[in-house]
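Following: one structure in structure tokens, then a few remarks.
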Amino acid sequence: MAETSETLLLRAPVSGVLLPLAAVPDPVFADGMFGDGLAIDPLSDTLVAPCDGTIVHLAATGHALTLQAPCGAQVLLHVGIDTVSLRGEGFAPCVAQGAAVRQGDALIRFDVDRVAQQASSLVTVMAIANGDAFTVAGRTGAAQADAGRTVLLQVRAAGAAAPAQEDHASAAEQRRTVTLACPGGLHARPAARAREAARGLDAAVALHYGGRQASLASLVSLLGLAADEGAAVELVATGRDAGAALDAVAYELQRAGVGEEEPVPTVAAPIAQPGPGAGLPADGIPGVAAAPGIAIGTLHWWRETTPEPAEAGQGIAAEREALRAALAAIDAQLAHESEAATARRAGAEAGIFAMHRALLEDPALQAAAETMIAAGKSAGFAWREATRAEAAMLSAMADRRMAERAADLLDLGKRVLRALAPAGSAPVQLPAPAADGDVIVLAAGEFTPSDLTGLDRTRVAALVMARGGPTSHAAIIARQLGIPCLVALGSALERLQDGTPVIADGDSARLHACPDAHLLAAAASAVRLRAQQREADLRAAHAAASTRDGVPIEVAANIGSLDDARNAVAHGADAVGLLRTELLFLHGDAAPAAADHTASCQAIADALQGRSAIVRTLDIGADKDAAWLHLPAEDNPALGLRGVRLAQVRPQLLDDQLRGLLAVRASGPLRILLPMVSEVGELLAWRERIRALAAEAGTDPEIEVGVMIEVPSAALLADQLAEHADFFSIGTNDLTQYTLAIDRCQPELAARMDGLHPAVLRMIAATTEGAARHGRWVGVCGALAGDPLAVPVLVGLGVTELSVDAGLVPGVKARVRALSHADCRQRAGELLRLPSAAAVRDACRRYWPA
Ligand code: PEP
Ligand code: MG
């Protein structure tokens with residue numbers, strides 16, 4: 001890139017790793033609202049002038065300035081993200097507003113450690129503030145920059161792009177006065193947002209304040225107004241769209257705004273005065289519910305505890321070994337988390353950790369870190385820079401999934417830094433309880449999966465986030481932990497300080513800060529009622545459940561271990577409706593032998609004290625992978641070798657299991673359940689095999705054999721299967737996945753993966769009708785069986801056994817006892833004619849309010 005009479009070259013204002021703007025962890029910069037440019041992750045502590053010019057704006061807090069080049073281009077330099085909140089701490093400007101500077105002159109010195117610790121990021125942005133008049137014509141392809149030396153951008157006048165002022169001037173003028181609501185006044189972020197709001201409209205807008213006037217097109221002049229929060233600013237607009245522009249700009253200036261650049265609470269200061277928080281909506285801060293439930297507690301901000309690595313290494317060999325050990329430790333930690341999630345059948349959660357393990361092995365990442373270590377950097381520094389650079393590359397891609405992987409990489413970067421820190425990984429630091437039973441509502445901009453690792457469930461009663469969506473990884477984890485969770489609460493949440501009493505209501509999607517006595521009493525009574533109801537349900541759970549009109553419904557438990565079996569008994573389960581045997585062996589290092597099957601199943605049967613158990617044969621494959629199987633990877637594992645299909649390539653595996661099961665001596669009935677059967681020939685072949693193995697072992701050849709109905713073909717052919725099966729158990733998780741063609745582990749489609757979809761209900765109806773023709777009974781063991789809204793529907797469609805997680809047994813029994821079977825049957829038929837899962841849910845809420 002060369003400077004010509006028409007172009008301006010901008011050199012690096014600071015040394016560091018270059019990032020595209022899209023990689024900046026702040027949408028205001030990443031979405032280009034401040035203008036085009038690039039970002040630098042700084043490796044030096046002084047901001048220098050990228051070109052000759054005049055300082056036309058210097059933030060009072062010293063963290064940002066704008067330099068105007070002689071050609072008129074205005075270059076915004078902003079150190080770190082959210083650094084206005086530091087109120088000048090850590091920044092020492094070397095120039096004054098109005099000063100003339102030469103390229104390379106020092107502009108701002110900053111305390112790297114302090115800023116890095118207190119701000120959310122050190123990433124520094126250089127952007128063209130008057131993008132209407134100047135554009136970026138070229139940019140460097142380098143990965144790193146030297147302050148004052150590396151040419152980063154070539155800037156050129158935009159020419160014809162400048163708006164035609166005369167046209168606007170001749171148009172009628174409109175005026176409106178607004179009161180600035182943005183905390184901190186008209187600083188860079190709300191100014192950029194206001195400018196963005198009017199983009200594309202045919203209007204020229206100016207802001208008048210304190211005798212000064214600024215064009216909306218110039219960020220610098222907007223900042224120069226120095227208008228504080230609460231200031232009355234007059235907006236003057238001309239042009240065809242003047243009215244619309246006034247509406248849009250006024251809206252931006254009058255709202256507090258999501259992601260506002262304002263002080264992050266740092267002091268633990270309980271709010272003494274009860275009553276609604278100043279400026280907060282009286283009916284609570286609206287958010288999006290990501291996990292249900294109500295919690296009353298004290299707000300506490302989760303603060304980043306990622307240690308700052310030293311840049312210089314202590315010898316190449318030592319740093320290499322430190323990185324190797326840290327990566328191995330994180331890999332083991334992730335493997336453990338993934339296994340624990342799998343054992344809870346938290347497939348989506350397990351998938352997140354498994355994916356992080358795959359990223360950890362990324363050879364490009366490891367090679368990049370290795371190169372930096374070889375150049376004398378510390379392991380932590382090298383790993384952080386390698387993950388940041390790769391994350392920046394991913395975020396620059398148009399594919400949203402890639403951008404999500406970038407967030408995963410940064411999370412992984414944090415984990416490794418914590419592992420490398422002398423004290424090892426730092427879990428969330430929670431304040432000591434103020435009183436007995438004091439619980440915490442943990443807040444963050446957005447949690448990452450690693451933030452939630454090791455969360456103290458006894459102290460944290462709810463999670464609340466300013467950003468994030470209901471399908472973010474943290475939201476998925478919260479749901480699976482059973483903690484109420486609210487996301488997208490915006491800047492209103494960020495205004496709350498540590499110690500604020502709050503009610504997090506995951507049912508109505510609101511966060512109430514400093515609730516008044518009336519609200520507190522209502523929430524406390526809701527929490528108490530729930531607890532009382534749970535206790536009453538548990539007391540009644542040990543008796544069998546029937547509908548009001550006397551139809552018995554067996555409520556059984558899904559289990560995956562001996563502990564689960566004991567838990568099922570404690571919660572009053574009538575039986576075990578599904579023993580997921582694969583969970584007993586998924587994480588071993590070799591295929592289980594027949595004796596292993598006998599031992600584990602015998603222990604479970606003994607724990608059930610005479611209750612019946614349905615033992616499903618190994619359902620390995622798809623989201624349940626067993627490393628010891630060493631199967632070749634499949635493009636579509638959910639449609640491949642899983643369930644009984646596995647026997648096609650590993651017949652010994654299922655034979656060993658059947659031999660093992662047939663040797664169990666249980667005091668209650670033991671039944672065998674076959675997963676992923678899709679047609680009657682398969683069932684006949686398995687029945688034959690079971691008879692042969694029973695004959696070989698000298699045991700009962702007529703042990704009951706059921707079929708999982710989880711493939712649509714099995715539901716449609718239920719009448720044929722029922723002729724040869726003793727019972728059916730509907731796996732609604734897979735039946736929904738296969739009927740709706742939605743991957744059950746795909747978080748973005750999670751909201752649509754609803755078993756109450758009428759298409760799935762028709763599959764269930766086909767199954768119960770087919771079964772009835774041969775007098776067979778039908779159970780449901782998928783998650784739908786535990787959904788209170790679905791219970792009456794399933795009962796109405798003819799299901800007579802519901803198998804659910806042990807903790808849900810008491811509630812499901814209570815729900816069954818409140819229903820009329822005749823009414824359920826009639827209304828369930830009507831639901832089949834509705835067009836969507838949402839319509840079914842609405843109808844269920846009306847027919848059978850919880
Ligand atoms: C199901 O598919 O609904 C089921 C119960 O089986 P799993 O979740 O183990 O696949
Ligand atoms: Mg299944």
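Whatever order the structure lists them in is the order used to number ligands and atoms, beginning at 1. Note: hydrogens, waters and symmetry copies are ignored here, and every other heavy atom, side chains too, is used. Positions are given from 1 along the sequence.
- For the pair Glu582 and ligand 1, the shortest N or O to N or O distance does not fall below 3.5 Å.
- Put simply, the side chain of Gln602 never gets that close to the backbone of Ala599: no donor and acceptor are under 3.5 Å apart.
- The Mg ion (ligand 2) sits nearest to atom OD2 when only the N, O or S atoms of Asp734 are considered.
- Side-chain contact check for Phe727 versus Arg776: every heavy-atom pair is 4.5 Å or farther apart.
- Residue Leu735 does not touch ligand 1, judged by heavy-atom distances below 4.0 Å.
- A donor-acceptor contact shorter than 3.5 Å links the side chain of His774 to the backbone of Asp719.
- Remark: side-chain polar atoms of Ser803 are not paired, donor with acceptor, to backbone N or O of Cys781 under 3.5 angstrom.
- Contact atoms of ligand 1 toward Met708: 4 (C), 5 (C), 6 (O) (distance under 4.0 Å to a heavy atom of the residue).
- Looking at Glu710 and the Mg ion (ligand 2) together, the shortest N, O or S contact belongs to OE1.
- Counting atoms of ligand 1 from 1 in the listed order, those under 4.0 Å from a heavy atom of Arg744 are 2 (O), 7 (P), 8 (O), 10 (O).
- Within the 4.0 Å heavy-atom criterion, the part of Arg642 lying near ligand 1 is the side chain and not the backbone.
- Using a 4.0 Å cut-off to heavy atoms of Arg580, the atoms of ligand 1 that qualify are 4 (C), 5 (C), 6 (O), 7 (P), 8 (O), 9 (O).
- Atoms of ligand 1 lying under 4.0 Å from any heavy atom of Leu578, numbered from 1 in the order shown and given with element: 5 (C).
- One finds no salt bridge joining Arg548 and Asp823 here, because no Lys/Arg side-chain nitrogen approaches an Asp/Glu carboxylate oxygen to under 4.0 Å.
- A salt bridge links Asp787 with Arg841: at least one charged nitrogen is closer than 4.0 Å to a carboxylate oxygen.
- We find that Asp619 and Arg580 are not joined by a salt bridge, their nearest charged nitrogen and carboxylate oxygen being 4.0 Å or further apart.
- Under a 3.5 Å cut-off, the side chain of Asp805 and the backbone N or O of Gly807 do not form any donor-acceptor pair.
- If you number the atoms of ligand 1 from 1 as listed, the ones under 4.0 Å from a heavy atom of Cys781 come out as 5 (C).
- Ligand 1 lies out of reach of Gln737, whose nearest heavy atom is not under 4.0 Å from it.
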